[in-house]
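Just so you know, these numbers use all the heavy atoms, side chains as well, and skip hydrogens, waters and symmetry mates.
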Amino acid sequence: MSGRIPDDVIDDLRRQADIVEVIGGYISLKKQGQNYTGLCPFHQEKTPSFVVSPIKQIFHCFGCGKGGNVFTFLMEHDGTSFQEAAEKLAARYGVALPEEDRSPAQKQREDQVKRLRQVNLWAMEIYQEAMKAAEGKPGRDYFESRGLTEDTIRRFCLGYAPDQWDYLSNKLLEREVRDSELLLLGLSTKSSRGSLVDKFRGRVMFPILNDREQVTGFGGRVIGDGQPKYLNTQETPLFYKGKGLFGLHAAKNAIRQMDQAIVMEGYMDVLAAHQHGVANAVASLGTSLTADQAKLLTAYTYRTLICYDSDAAGEAAALRGLEVLDKQGCMAGVIRIPAGKDPDDFLKGHGKEEFLELADKSLSSFEFKFQLSMEKHDRDDMSGKVAIIQSVLPDLAGVRSPVARQGYISSMSDTLRFPEHAIHDELRRYLGGYQKRDATAPDRAPEIALRGAETLAQSNVIRSLLQDLGKQKDIEAAGGEALFALPAARNLYQTLNALVMAGYVDLKEDDLVALIDREEERQWLTGILLEDRLPGDEQKVYRDSLLTLQRQRLDRHINRVMSELTAAEKAGNASAAKEMMTVLTGLNMEKHGLRIVP
């Protein structure tokens with residue numbers, strides 16, 4: 001089924017579905033008071049922090065922060081779209097899902113995609129059958145020579161394209177596949193005489209499946225000395241280079257459970273990893289890791305290790321991959337394979353345990369760049385020491401944690417036998433030049449981390465508002481959305497305020513969760529809804545928290561005015577400086593006279 005499902009049908013389905021029953025089919029849940037608890041399926045933990053509420057029909061993990069309703073759970077756990085999650089629930093509860101009208105063009109596109117997926121599936125099956133037949137002996141011999149077991153071959157649906165001009169084309173034409181479909185999917189090309197010719201010939205075949213186990217394309221490795229060594233499907237309506245990850249369909253559950261992915265370069269690296277029990281390995285399809293691939297991984301984990309070949313090309317690709325992962329907000333590192341080996345070779349020669357030891361010793365982005373710099377320069381020579389330090393200053397400046405930065409500086413000092421204070425001096429000089437800018441220019445630096453008291457106060461105020469939407473008038477009078485410095489809290493308050501203004505005063509918890517589209521706000525909301533009750537007098541906690549947010553709002557305003565005053569004084573603008581002083585006096589008086597809202 002395809003097409004958008006009407007909202008009222010979705011609401012009815014959500015009310016019919018029992019979230020405890022659905023989640024209980026995936027993990028073991030134990031009743032605890034009004035709720036159920038269990039080990040979170042989205043990250044590794046030993047103490048249950050995953051809570052499911054049958055009354056509110058929502059879930060939240062207080063370990064990793066995941067939260068939502070029954071649709072959210074299925075989408076996160078199974079890696080499916082909202083449409084697919086709805087269809088799965090509908091099938092489970094025997095609900096017929098009507099479709100909204102689709103345009104003829106939309107229906108044609110959807111039907112074409114469905115048809116092309118079927119053709120790719122047939123092609124994969126034909127390659128598998130060919131490898132089992134007499135003409136598939138070269139493929140069987142090749143995989144045997146690479147040490148692959150029958151189980152690995154079966155799990156990854158490996159096959160063989162016979163060294164014949166039109167083996168696959170004829171097999172698919174017998175199934176009434178059209179020439180245009182074969183050409184569009186890149187399975188065939190046209191000869192100079194206009195006849196169909198198989199694109200993949202005399203190659204072992206690696207089907208590329210997406211995270212929903214649909215065949216999007218193929219990779220083929222030539223047997224022998226032919227060129228190109230590896231040949232991939234061209235871009236098609238199903239396959240986009242740089243958007244998929246080989247092996248993700250087999251690795252996604254392990255990635256979730258381990259809360260970590262390992263990105264390798266090639267097909268054989270991933271196959272060797274899985275065969276040796278490293279089940280969280282995927283490959284970037286012969287390209288450097290792309291932003292789309294990194295974003296795809298974040299659906300399963302934000303912790304990723306890069307494990308490429310130990311040659312210069314692999315190291316350069318790892319550096320690019322680290323930058324891509326950093327931009328996606330991932331915690332990234334590098335597994336360094338000993339020189340002269342790739343992951344496939346190392347796993348075969350040393351096994352899983354030694355590979356995992358390398359993973360445990362993985363290098364952070366800074367450590368990896370520091371090591372590469374030491375290999376490039378002579379660390380026993382003074383000019384070499386200076387070159388190493390200067391080469392990593394940009395990365396050292398980018399380390400957000402003061403503790404981590406100090407740790408790196410101490411390690412550099414010990415390794416290079418160079419005075420620690422001299423490294424600090426170099427860093428200060430670098431930062432001084434790097435941070436120099438026009439004082440009147442807007443500050444584009446990332447928001448600083450909020451202090452714990454202010455974060456807790458925002459949570460307390462929103463929780464009180466959820467319990468009594470009548471408090472919206474108090475909060476608006478105290479400053480409204482300006483009270484909430486945390487983006488997730490501010491966006492959530494804006495949604496609640498809009499609902500109150502629209503007259504919604506009796507929303508159920510799961511109705512509210514269903515209205516929140518962005519994951520960060522949804523996780524914030526489910527965390528508030530399922531956390532333990534506030535200690536002590538809840539009304540007093542609310543008033544104290546509101547007062548804290550008022551003071552913090554004024555502090556932020558005062559800091560902005562102070563910056564504007566400094567800029568005006570430096571520019572010699574006396575009238576603007578006088579105006580800023582008047583505003584500053586008023587703000588300080590307001591802060592001094594601040595009282596708890598009655």
Of D342, I337, I262, the residue whose pairing with D269 passes side chain to side chain contact (heavy atoms under 4.5 Å, CB included)
D342

Show every donor-acceptor pair shorter than 3.5 Å between a side-chain atom in residues 176-186 and any protein atom, with sequence neighbours excluded, or say none if there are none.
unit_1	atom_1	unit_2	atom_2	d
R178	NH2	E181	OE2	2.8
E181	OE1	R115	NE	3.4
E181	OE1	R115	NH2	3.3
E181	OE1	R178	N	3.0
E181	OE2	R115	NE	3.0

Please list all pairs passing the ring pair (Phe, Tyr, Trp, His ring centres under 6.0 Å) test where one or both residues lie in residues 110-131, with sequence neighbours left out.
Y127-F218

Heavy-atom closest contact (T149 atom, Q275 atom, distance)
N-OE1, 2.9 Å

Using 30° and 60° as the class limits, which term best fits the ring planes of F82 and F71: parallel, tilted or perpendicular?
tilted

Between Y26 and F73, is the ring centroid distance below 6.0 Å?
yes

Is there a side-chain contact between V263 and L305 in this structure, where contact means two heavy atoms from C-beta onward sitting under 4.5 Å apart?
no

Taking atom NZ of K341 as the centre, report whether more than 12 heavy atoms of other residues, nucleotides or ligands fall under 6.0 Å from it.
yes

Do M331 and L325 pass the side-chain contact (heavy atoms from CB on, under 4.5 Å) test, and can you show the C-alpha distance, the side-chain angles, and the key distance before you say yes or no?
CA-CA 8 Å; M331 294 174 59; L325 290 167; over 6 Å; no

Can you tell me how far CD1 of I126 sits from CG of L172, rounded to the nearest 0.5 angstrom?
4.0 Å

Close side-chain approach of V197 and D166, heavy atoms under 4.5 Å
no

Are side-chain heavy atoms of V20 and L29 found at a separation under 4.5 Å?
yes

Please give me the minimum heavy-atom distance between A123 and L187, naming the atom from each residue.
CB-CD1, 4.0 Å

With a 3.5 Å distance limit and no angle check, can you tell me whether E84 reaches the backbone of S81 through a side-chain donor-acceptor pair?
yes

Main chain of A161, side chain of R201: is a donor-acceptor contact present, judged purely on distance under 3.5 Å?
no

NZ of K327: more than 12 outside heavy atoms within 6.0 angstrom?
no

Between N69 and T72, is there a donor-acceptor pair closer than 3.5 Å when you use the side chain of the first and the backbone of the second?
yes

G202 versus Y160, closest heavy-atom pair with distance
CA-OH, 3.8 Å

Less than 4.5 Å apart, any side-chain heavy atom of H274 and any of F156?
yes

Suppose we call two aromatic rings close when their centres sit under 6.0 Å apart. Are H60 and F50 close by that rule?
no

When rounded to the nearest 0.5 angstrom, what is the spacing between CG in L356 and OG in S362?
11.5 Å

If you compare all heavy atoms of D18 against all heavy atoms of Y93, which two are closest, and at what distance to 0.1 Å?
N-OH, 3.1 Å

Donor-acceptor under 3.5 Å (R221 side chain, V204 main chain)
no

Rounded to the nearest 0.5 Å, what's the gap from CD1 on I462 to OG1 on T495? Could you check?
9.5 Å

Which atom pair, heavy atoms only, marks the closest approach of D78 to K252?
O-NZ, 3.3 Å

Would you indicate whether the side-chain heavy atoms of Y302 and Q328 approach each other to under 4.5 Å?
no

From I335 atom CD1 to L363 atom CG, the distance as rounded to the nearest 0.5 Å
10.0 Å

Min side-chain heavy-atom separation F42-T301 under 4.5 Å:
no

Show your reasoning for whether side-chain contact (heavy atoms from CB on, under 4.5 Å) applies to Y308 and L289.
CA-CA 11 Å; Y308 287 167; L289 190 70; 3.9 Å; yes

For side-chain contact (heavy atoms from CB on, under 4.5 Å), just list the numbers for L525 and E521, CA-CA rounded to whole Å, side-chain angles, deciding distance to a tenth of an Å, and then say yes or no.
CA-CA 6 Å; L525 175 59; E521 285 98 80; over 6 Å; no

side-chain contact (heavy atoms from CB on, under 4.5 Å) between I23 and Y36, worked out:
CA-CA 10 Å; I23 295 179; Y36 289 78; over 6 Å; no

Heavy-atom pair with the smallest gap, counting every atom of A272 and D344:
CB-OD1, 3.3 Å

Check: N210/T216 side-chain N/O donor and acceptor closer than 3.5 Å
no

Looking only at the side chains, is there a donor atom on one of Q108 and Q112 sitting less than 3.5 Å from an acceptor on the other?
no

Is a salt bridge present between D111 and K114, judged by a nitrogen-to-oxygen distance below 4.0 Å?
no

Mark yes when over 12 heavy atoms from residues, nucleotides or ligands other than E235 sit less than 6.0 Å from its CD; otherwise mark no.
yes

So do the side chains of D211 and Y300 get within less than 4.5 Å of each other, counting heavy atoms only?
yes

Min side-chain heavy-atom separation L486-R490 under 4.5 Å
no

I'd like to know if the side chain of T233 and the backbone of G217 have a donor-acceptor N/O pair within less than 3.5 Å.
no

Return the NZ to NE2 distance between K66 and H77, rounded to the nearest 0.5 Å.
12.0 Å

Using modelled atom types and a 3.5 Å cut-off, is there a donor and acceptor pairing between side-chain atoms of R320 and backbone atoms of E315?
no

Keeping Q293 on the side-chain end and G244 on the backbone end, is there a donor-acceptor pair under 3.5 Å?
yes

If only atom types and distance count, is the side chain of N280 paired as donor or acceptor with the main-chain N or O of A254 below 3.5 Å?
no

For the backbone of G159 and the side chain of Q128, can you confirm whether one donor and one acceptor N or O come within less than 3.5 Å of each other?
no

Would you verify whether the NZ or CZ of K352 falls within 45 degrees of the ring axis of F355 while also being under 6.0 Å from that six-membered ring's centre?
no

Using atom types as modelled and distance alone, determine if a side-chain donor or acceptor of D326 lies under 3.5 Å from a backbone N or O of L322.
no

Gap separating the CG atom of L173 from the NZ atom of K171, nearest 0.5 angstrom:
12.0 Å

